[in-house]
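Just below is one structure, and these are the notes that go with it.
All values reported here derive from a predicted model rather than from experimental measurement. In what follows, chains carry the letters A, B, and so on, assigned in the order in which the sequence lines appear, proteins first and then strands, with residues in each chain numbered from 1.
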Amino acid sequence: MNIQSPPEKLKARDFATDQEVRWCPGCGDYAILKGVQNTLAQLEADPKNTVFVSGIGCAARFPYYMETYGFHTIHGRSPAVASGVKLANPELDVWVVGGDGDMLSIGGNHTMHAIRRNIDLQILLFNNQIYGLTKGQYSPTSKIGTKSPSTPLGSIDNPVSAAQFALGVGGTFIARSSDILQKHLPEVLKRAYTHKGASFVEIFQNCIVYNDGAFKHFTEKSIQAEMQIHLGHGQPLLFGEDKSKGLVLNREEMRLEVVTLGENGITESNIAIHDETNLSLATMLAQMDPPDFPVALGVLYAEPAPTYESAVHTQIEQATKDGGTADLNRLLQRGQTWTVE
Amino acid sequence: MPEAAAIERPEENRQEIESAVVRFAGDSGDGMQLTGSQFTMTAAIAGNDLATFPDFPAEIRAPAGTTFGVSAFQINFGARKIMTSGDLLDVLVVMNPAALVTNLADVKPNGIVIADSGAFSDRNLAKAGYTENPLENDSLEGYRVVKIDMSRLTVEAVKEFGLSNKEALRSKNMWALGLIYWMYGRKRQASVDWLEAKFAKNPDVAKANIAALNAGHAFGETAEMPAELGTFDVEPAKIEPGLYRTITGAESVSLGLLAGSLLANLKIAFCSYPITPASALLHQLARMKEFGVVTFQAEDEIAAAAAAIGASYAGSLGITSSSGPGIALKMEAIGLAIATELPLVIINSQRAGPSTGLPTKTEQSDLYQAVYGRNGDAPMPVISVSTPSDGYEVAIEAIRIATKYMTPVMVLTDGYITNASEPWLIPNANDTERFDVNFRTDPENFQPFMRDAETLARPWVKPGTPDLMHRIGGIERSYDSGHISYDPDNHQKMTEVRASKVLGISDDIPEQEVSVGEAGAKLAVIGWGSTYGPINRAVSNMREDGLDVAQIHLRYIWPLPRNLGELLNSFDNILVPEMNTGQLRTLLRDQYLLPAEGLNKVNGKPFLIGELEDAIRARLEK
């Protein structure tokens, strides 16, 4: 008989498979993979109850590199497949991984409905503003004017803002981080994991081959402090070197403004306080763009609500109670019957 | 308008007939479907065998009185085995001119047409395209026409309940039903009980409907009836004893899915998107929650298929359902289930295509889509439903195959079967052999794609199982480990094993039998799906006339039964009637190099027995 030793605490590397990781050298996905593995180790997540579901694209190879259950599905459909997984077994921790093309273009519909139903999924959108696996076409998050093989004269359609989309369809948890923020990312992912309901996390990810530097206007070391604001619930919205800048709410015009502490009589007491449960504030934060504003990172919005799958199973439990023992023969005979002698 | 002359006619003069075909036709707001289903129930209780065919417009409430708003319900009932809803009508009941103009062509020569003359107003006549009232000229010569102002008589009959004129007229379908009950000597009690239950919260409406039903019956009974009308007796049919109910195809398939899931010891996750005529299945299963059935109305067809696959991956039985256009959208996802070798049941309630086609009209034109319709070499078992009650066994069989062989299975049913009904000898659910699913839990030598030597199925592992974590996906995978593999030889091997696995199912299904007649006849009539009834009756009739013909009817479309090639080779000629342009014929020619000949019809209506008899005669009486 085996003597069961207490399970050893898993380390980040215990969540890695033996498969060779096949992203381009220098791809932001490596950092995100490491960040996710770190997060699961820190959370003491149980690999057997963890499922990674992905669609198609560079990011979608993710499940092959995770020593958990994993399902690499088809283009755009991962939120729908993951929804089915949760309907069948709400006990599983299900992570959905995909890129901006996968989740906002071909699968935009499924992303929308998984979020608005509030299915308890961690949806990680790796946004690199480009199609990588199909070799560099512009994506639904590409800036206007993006030159790509399919738009040699520059793209002409308006990009979608992932966070605003998620807020708009009724998301209950919307957060942002970046591939290069190795301390920030696990903290955001932990919050996403803890949230019951659809947790939508946009991760800005650099594609070194087709869209290198797409985010350098707010991720480059020299300007990071000025161009990023890291949100904390109940904390003043301060940023910049020495936290010398902040956001105030212009109540008359109902918009945020950047101010500098000490200028025009501004003190910390004037600075707006982040409230994760304030949808209007979250929307304004999601709209902020450099160079006039810093990019808001962290949890923009978190408002717990009952999950879809729990409601499904509550109805079933109720029906089971009301219907007593489910008897197939009785069901077959339901309605008007007659006997032939 | 003068009423037809009435004569005295005592009850005992009823004419005994073997069977009759009656169609109720009216505006979509006239309650023709309810009227028909009530007549059906009463015929069943009287011991007749029967088959029904509802025919309703695609529009929910088309403008009143228009030809495209006509809704009809047909029933064939008899003292003998009834195989179809009937070729031609003995009795047509029409509630307005539009119903007359759209249905008259189906009435037998000298058949009975009963018309609500009160609804033949100038306005309604114009809407139906009549320039003259056909009840008042000789245009209906050749039919026995009975014109009764049912509208007025109904309003009079329900006067005491204080309903508005409009509300009162809603009962005129019950007046007509009462009259037809009288014609065929039927008891009203079952319909009275049903009306009382249906309108329990609205007793005045219940009473008005019952009063109308009684008034229609009394109209006949008290000998106010016109001479044109006969009274008939249809004796009970010889039917296997037991407990019966009527069942539609939608009901039998949904009950079969539930029964199959219980036999497999699995929970159902039924994921679907509304589409005509498949939605009835979603509605049925949504009411089976006490069995733990999860139903999910997805955001679209693709999501429905994808969620069903996710549910199967997680250890439930994923089922998705749609009709032709929706099935087309699901095909990429079905390919994923084939590639990852997960069980999945896809119910395809076929309708006339291509594209939107004729949503409420029947066709069997998705055989190509089912057998061939995916990218890559993507074999998938396909089985078909032949009659409204057959769906129960077929759905169980689909689940057995899907779970035993780890494969999606497509069930082909159609709009006719889905909506049509027939009596069903209710089976005992405990009589079917169980096929409990054994999930893999043993980590010893586990490989996600290591196959069972006999079935070639891979193991099914529920996420949550310790020490069996693994990854699957749509990219080609290594033969045992399931790791991504771009190796050319591996792809060859995987393509072949996927095909072998599905073809191997032919050893696990029954050999093909001859339904009517014997092997070696001069002509075999081979069909699949809802053509069973008319082919069966036509072949039986022609055999009675001395023709050497046999019927073969397929349940298994892919793989085909292992003896089918040999069986078909025993016949001199092969005729393949289908409600498409020759899809099974293609399959048979391809598989067996047979000179199979098609008999093809795509007018949205089931085959008539007469059409098939003519085709058989033409080939054997050369």
Chain A interface, residue from [options] that has the most non-hydrogen pairs under 4.5 Å:
options                        : value
B:T465, B:N428, B:L317         : B:T465
B:A190, B:A305, B:G242         : B:G242
B:A314, B:A311, B:P241, B:G464 : B:G464
B:L258, B:D300, B:I239         : B:D300
B:R245, B:K462, B:E299, B:K289 : B:E299

Which answer fits [X], side chain, backbone, both or neither, if we ask what part of it has an atom under 4.5 Å from a heavy atom of chain B?
X      : value
A:T17  : side chain
A:R116 : neither
A:M112 : neither

Report task. Check step by step if side chain to side chain contact (heavy atoms under 4.5 Å, CB included) holds for B:F291 and A:T320. Result -> CA-CA 7 Å; B:F291 292 89; A:T320 314; over 6 Å; no

Query raised in the report: Considering only heavy atoms from C-beta outward, does the side chain of A:R77 approach that of B:I302 to under 4.5 Å?
Result: yes

Query raised in the report: Taking side chain as C-beta onward, heavy atoms only, is B:Y313 less than 4.5 Å from A:V51?
Result: yes

Would you be so kind as to tabulate the donor-acceptor pairs closer than 3.5 Å made by side chains of residues 331-341 of chain A, with sequence neighbours excluded?
residue: A:R334; atom: NH2; partner: B:E290; partner atom: OE2; Å: 3.3
residue: A:W338; atom: NE1; partner: B:A44; partner atom: O; Å: 3.2

Can you tell me which portion of [X] sits under 4.5 Å from chain A's heavy atoms? Options are side chain, backbone, both or neither.
X      : result
B:P236 : neither
B:L342 : side chain
B:L262 : side chain
B:E251 : neither
B:T246 : both

Report task. Considering non-hydrogen atoms only, spot the tightest contact between B:G292 and A:I316 and give its length. Result -> CA-CG2, 3.7 Å

Requested in this report: Return each pair, listed once, that meets salt bridge (Lys or Arg N to Asp or Glu O under 4.0 Å) where at least one residue sits in residues 39-62 of chain A; pairs must be two or more places apart or across chains.
Outcome: A:K9-A:E44, A:D46-A:K48

**Report entry** With sequence neighbours excluded, residues passing ring pair (Phe, Tyr, Trp, His ring centres under 6.0 Å) with A:Y131
**Finding:** none

Query raised in the report: Residue by residue, which of residues 467-475 of chain B have a heavy atom closer than 4.5 Å to a heavy atom belonging to chain A?
Result: B:L468, B:M469, B:H470, B:R471, B:I472, B:G473, B:G474, B:I475

